[in-house]
Amino acid sequence: MSQPVTVTRDGNVAIVTIDNPPVNAMSFHVREPLHARLLELRDDSSVEALVLACAGRTFVAGADITEFGKPIQYPFLPEIIDLIETFQKPTVAAVHGTALGGGLELAMGCHFRVAEASAKMGLPEVKLGILPGAGGTQRLPRLVGPSKALKMIVSGTPIGAKDALASGLVDEVVDGDLLANAIRFAREKAASKATLIAVSQRDDKLAPVRANMAAFDAEIAEVLKKSKGLDAPKTCAQSVRNALTMPFAEAATAERNFFHELVKGDQSRAQRHLFFAEREANKVPGVGKDDKPRKIAKVGVIGAGTMGGGISMSFVNGGIPVTILEMSDEALKRGLGVIEKNYGISVSRGSLTEEAKAKRMSMFKGTTDYADLADCDLIIEAVFEEMGVKEKVFGTLDKIAKPGAILASNTSYLDVNEIAKFTSRPQDVLGMHFFSPANVMKLLEIVRGSKTAPDVIATAIAVGKAIGKVPVVVGVCHGFVGNRMLGARGAEAEDLLLEGATPAQADKVFTDFGWPMGTYQMWDLAGLDIGWRTRKSLGKTAAIGDALCEQGRYGQKTGKGYYLYPDGRTPVSDPEVEALIVEKAREKGINRRDISNEEITERMMYPMINEGARILEEGIAIRSSDIDTVWVNGYGFPVGKGGPMFWAELVGLPKIVERLDYWYGKTGKEVYNPSPLLRKLAAQNGSFADATKAAA
Ligand code: 3HC
Ligand code: NAI
């Protein structure tokens, strides 16, 4: 293994190179030699300037997140950065790839930053439920100004080299050899003998903002609007504000204290869990390094409806051209029209230029002829959710698709193994289940059939990531991971109303928890008629849901459902619905009573956890963290709670089993019957992660 820190010389310039694959995180085994070498170089009079560079694919991508939550070993990152600031000779960071978090903080400890044109820089700590803890909230405002720093730190979104140059974060952007240019830059600075000012000592961008703190506080209030009950964004903003009101050393100490507080908290633990969960989800048993992804240069999509349109946009947005097939010219025109309208909205909001819109539209080809799909590498079906229709589509695809083409279904519930049987190539068939709106939602459930080839799974993961999705591989069952658990979450929704809850009360329990909306709001958004039709086809009924549909109340699209929508979007409680609930309860002889918020949580969220445990037990999900990734990216489960399975452990598995047992005893309903796995883990004080390890 190569040395994590090496020092080389180019004349009087010393080059310190960090080499800690894969992303040069600032682990203890880097910090220790880095600190020692810097001490030597600071006091070495033969060194006139220092360049700090990295080997491999990126500059330092941050502190080593795996060390969080454990005792941190000396030397600490802030000490190293403070040490660089004491250099009385020019120090230059040579940035390539990404300088993130502690990496950017390290670069800001240098007097100067030289970056490759493709480099990205940012402080994404907020996404891990923390704040930059090595001076980032203090040095970034001094370099780019407090307003821009506030936005960057609270959003966690990195900026490109061009923007970094314009805003003062970097001093030079280079096209050619980065290291050679950084050395040249350092040598020029040494020769110029100009006064060196450490970033912590700069004040020119802070002073004007100090003069109007009320305006800055208004900016803070604006950027925090989307902070969704999370602690980290607020703390980030407070710390940036401190840069304006406190001397550097005092504000830096406060920042460090905030960091230690946040890193211990449940929200940061949850968000770090999700960071690793998303990456773990790419590791699939039976799919190895030898299963090279097939090349996907052209995609076919069948059906230009709600999902087909959004799926097509996702690929085109990711730079892959799409041929869309519909049943008629009219349906095709309608589908392409919706796509064009959606891009038009982006143009009007300023997130897309007219030119980019035209370019994207030129990447769609519409057709009604299957022969036009013959050269596609991947074909995704998004037609009606009926096995008969899927049978016809896959039978035809089998005849026209080129050998090796991947055939995917976007089905929400149907059996992917059965769909694969409609072809003579089940090894090339799988489910690629996108979520609505498909051009926005990040989750991609990849449904692995019993015969799906490993390289087909590898391809689906690779292409999913390439178009910005978060892929999670799941097994075949009704509704896969997400929709199956969603069914369990809503199983008691009708009875809770009959027994005494109101839609507004139950939905508030959800929004207070951090969900973007509650169950009844979600049903109104999706359209109540869909469930009604399904119930009718299965001979099932739901007293309230059916009555609403009989009155033409299909949800938002008809202006009313469980709620009224006077402005088309905002739900308002409707006394008529409450009267309807009371009437239906009376018809059924149910005495309505006060339902507590705890009861709503227990009867909606605990069955969801129970179903998750069953899914894990059956091997439909590979690991519990995959279930968390599904729920956070597909259904808006609050990130600060880490996903349903992580949250269940925070609540305590014994408590969940005890309450499920209680409700099972009272109602006899199967949704409450604790899964054997859940019962076992609760009895052993175990965790879902242990169960995954044991199964592996
Ligand atoms: N610490 C430890 N491991 C890390 C890491 C970090 N900061 N960043 C990435 N890794 C690991 C990943 O877990 C993954 O491990 P695996 O191969 O075992 O699954 C491996 O490095 C490669 O990561 P990706 O799969 O994410 O690689 P990509 O090329 O897709 O992305 C990246 C590279 C953009 C650097 C991305 O990894 C990333 O965003 N990393 C996190 C950056 C970050 O959040 N930095 C701030 C850390 S907190 C901090 O610095 C605190 C400070 O203020 C004190
Ligand atoms: P949709 O009704 O909006 O669109 C279906 C489109 O397919 C229509 O435009 C129709 O003309 C076309 N079509 C039907 N049969 C066809 C055929 N034989 N050849 C070519 N085109 C044909 O339906 P939606 O909502 O887009 O759903 C499509 C699939 O995606 C279904 O399997 C559904 O279960 C699934 N799905 C739906 C989600 C949603 O939220 N709507 C979410 C995830 C999956």
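Ligands are counted one by one from 1 in listed order, and the atoms in each one are counted from 1 as well. Model, not experiment: these values are computed from the prediction.
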Could you tell me whether Gly133 and ligand 1 have an N or O pair separated by under 3.5 Å? yes
Around atom 40 (N) of ligand 1, find the nearest protein heavy atom and jot down its residue, atom name and distance. Phe275 CZ, 3.7 Å
Can you tell me the protein heavy atom closest to atom 32 (O) of ligand 2 and the distance? Glu385 OE1, 2.5 Å
Gln267 side chain vs Asp231 backbone, donor-acceptor pair below 3.5 Å: yes
Any idea which of Gly122, Ala25, Ala63, Ala61 brings a heavy atom closest to atom 7 (N) of ligand 1? Ala63
Under 6.0 Å between the ring centres of Phe259 and Phe68? yes
Candidate with minimal heavy-atom separation from atom 31 (C) of ligand 2, of Thr411, Thr396, Ile311, Val383: Val383
Starting from the C-alpha separation in whole Å, work towards a yes-or-no answer on side-chain contact (heavy atoms from CB on, under 4.5 Å) for Asn20 and Ser27. CA-CA 8 Å; Asn20 184 27; Ser27 318; 3.1 Å; yes
With a 4.0 Å cut-off on heavy atoms, is Lys392 in contact with ligand 2? no
Work out whether the distance between some heavy atom of Pro124 and some atom of ligand 1 is less than 4.0 Å. yes
Backbone N or O of Gly136 within a donor-acceptor pair of the Glu105 side chain at under 3.5 Å? yes
Classify the ring geometry of Tyr554 against Trp532: parallel below 30°, tilted from 30° to 60°, perpendicular beyond 60°. tilted
In ligand 2, the atoms that come under 4.0 Å of a heavy atom of Lys390 are 31 (C), 32 (O)
Heteroatom distance test (Arg279, ligand 1): nitrogen or oxygen, under 3.5 angstrom: yes
Near Ser436 (heavy-atom distance under 4.0 Å), the atoms of ligand 2 are 40 (O)
Would you kindly specify which portion of Glu330 sits under 4.0 Å from ligand 2, judged on non-hydrogen atoms: side chain, backbone, both or neither? neither
If you measure from atom 2 (C) of ligand 1 to every heavy atom of Leu100, Leu104, Val23, Asp64, which option wins on shortest distance? Asp64
Is the closest heavy atom of Leu128 to ligand 1 under 4.0 Å? yes
Return yes when at least one protein heavy atom is under 4.0 Å from atom 22 (C) of ligand 1, and no when none is. yes
Got a donor-acceptor contact below 3.5 angstrom from the Thr253 side chain to the Ala249 backbone? yes
Atom 53 (O) of ligand 1: nearest protein contact (heavy atom, Å): Glu125 OE2, 2.6 Å
With nothing but distance in play, are any N or O atoms of Glu105 less than 3.5 Å from an N or O of ligand 1? yes
Short version for Phe76: what comes under 4.0 Å of ligand 1, heavy atoms counted, is neither
Atom 13 (O) of ligand 1 touched by protein (heavy atom, under 4.0 Å): yes
Answer yes if the side chains of Ser2 and Asp19 hold a donor-acceptor pair under 3.5 Å, and no otherwise. yes
Heavy-atom distance under 4.5 Å between the side chains of Phe646 and Leu274, does that happen here? no
Answer yes or no for atom 23 (O) of ligand 2: protein heavy atom present at a distance under 4.0 Å? no
Taking NZ, NE, NH1 and NH2 as the nitrogens, is one of them in Arg31 or Glu67 under 4.0 Å from a carboxylate oxygen of the other? yes
Could you tell me, atom by atom, which parts of ligand 2 come under 4.0 Å of a heavy atom of Ser412? 33 (C), 34 (O), 35 (C), 36 (N), 37 (C), 43 (C), 44 (C)
Donor + acceptor pair across side chains of Thr137, Glu255 (<3.5 Å): yes
Sub-3.5 Å donor-acceptor pair from the side chain of Glu385 to the main-chain atoms of Ser412, do we have one? yes
Which heavy atom of the protein is the closest neighbour of atom 9 (O) of ligand 2, given with residue, atom name and distance? Glu326 OE2, 2.5 Å
Measuring from non-hydrogen atoms of Arg57 to any atom of ligand 1, is the shortest distance under 4.0 Å? yes
Ligand 2 contact by Phe384, heavy-atom criterion under 4.0 angstrom: yes
Any Lys/Arg nitrogen of Lys333 or Glu330 sitting under 4.0 Å from an Asp/Glu carboxylate oxygen of the other? no
Quick one: does ligand 2 sit under 4.0 Å from the side chain of Phe434, the backbone, both or neither, non-hydrogen atoms only? backbone
Mind telling me whether Tyr520 and Trp523 have parallel, tilted or perpendicular rings, with 30° and 60° as the class edges? perpendicular
Mode of Leu414 contact toward ligand 2 - side chain, backbone, both, neither (heavy atoms, under 4.0 Å): neither
Nearest protein heavy atom with distance in Å, relative to atom 4 (O) of ligand 2: Gly305 CA, 3.3 Å
Main-chain N/O of Thr58 paired to Asn24 side chain as donor or acceptor, under 3.5 Å: yes
Sub-3.5 Å N/O-N/O distance, Thr66 and ligand 1: no
Using protein heavy atoms only, decide if any is under 4.0 Å from atom 27 (O) of ligand 1. yes
Residue, atom name and distance, where the atom is the protein heavy atom closest to atom 17 (C) of ligand 2: Met327 CG, 3.4 Å
Output yes when Glu85 and Arg139 qualify as a salt bridge under the 4.0 Å nitrogen-oxygen rule, no when they do not. yes
Evaluating non-hydrogen atoms only, which member of Thr368, Asn483, Asn410, Thr306 is closest to atom 25 (O) of ligand 2? Thr306
Applying a 4.0 Å heavy-atom criterion (strictly less than), which segment of Met26 is in contact with ligand 1: side chain, backbone, both, or neither? neither
Side chain or backbone, does Ile65 bring an N or O within less than 3.5 Å of an N or O on ligand 1? yes
Lys283 near ligand 1, heavy-atom distance under 4.0 Å? yes
What do you think, any protein heavy atom under 4.0 angstrom from atom 5 (C) of ligand 1? yes
Honestly, for Leu123 the part within reach of ligand 1 (heavy atoms, under 4.0 Å) is neither
Quick one: nearest non-hydrogen protein atom to atom 20 (C) of ligand 1, plus distance? Pro22 CG, 3.6 Å
What atoms of ligand 2 come closer than 4.0 angstrom to any heavy atom of Ala382? 5 (C), 6 (C), 7 (O), 28 (C), 29 (C)
Return a yes/no value for Met307: is any of its N or O atoms, backbone included, closer than 3.5 angstrom to an N or O of ligand 2? yes
Taking the cut-offs as 6.0 angstrom to the six-membered ring centre and 45 degrees off its axis, would you call Arg272 and Phe276 a cation-pi pair? no
Atom indices of ligand 2 within 4.0 angstrom of His433 heavy atoms, with elements: 43 (C), 44 (C)
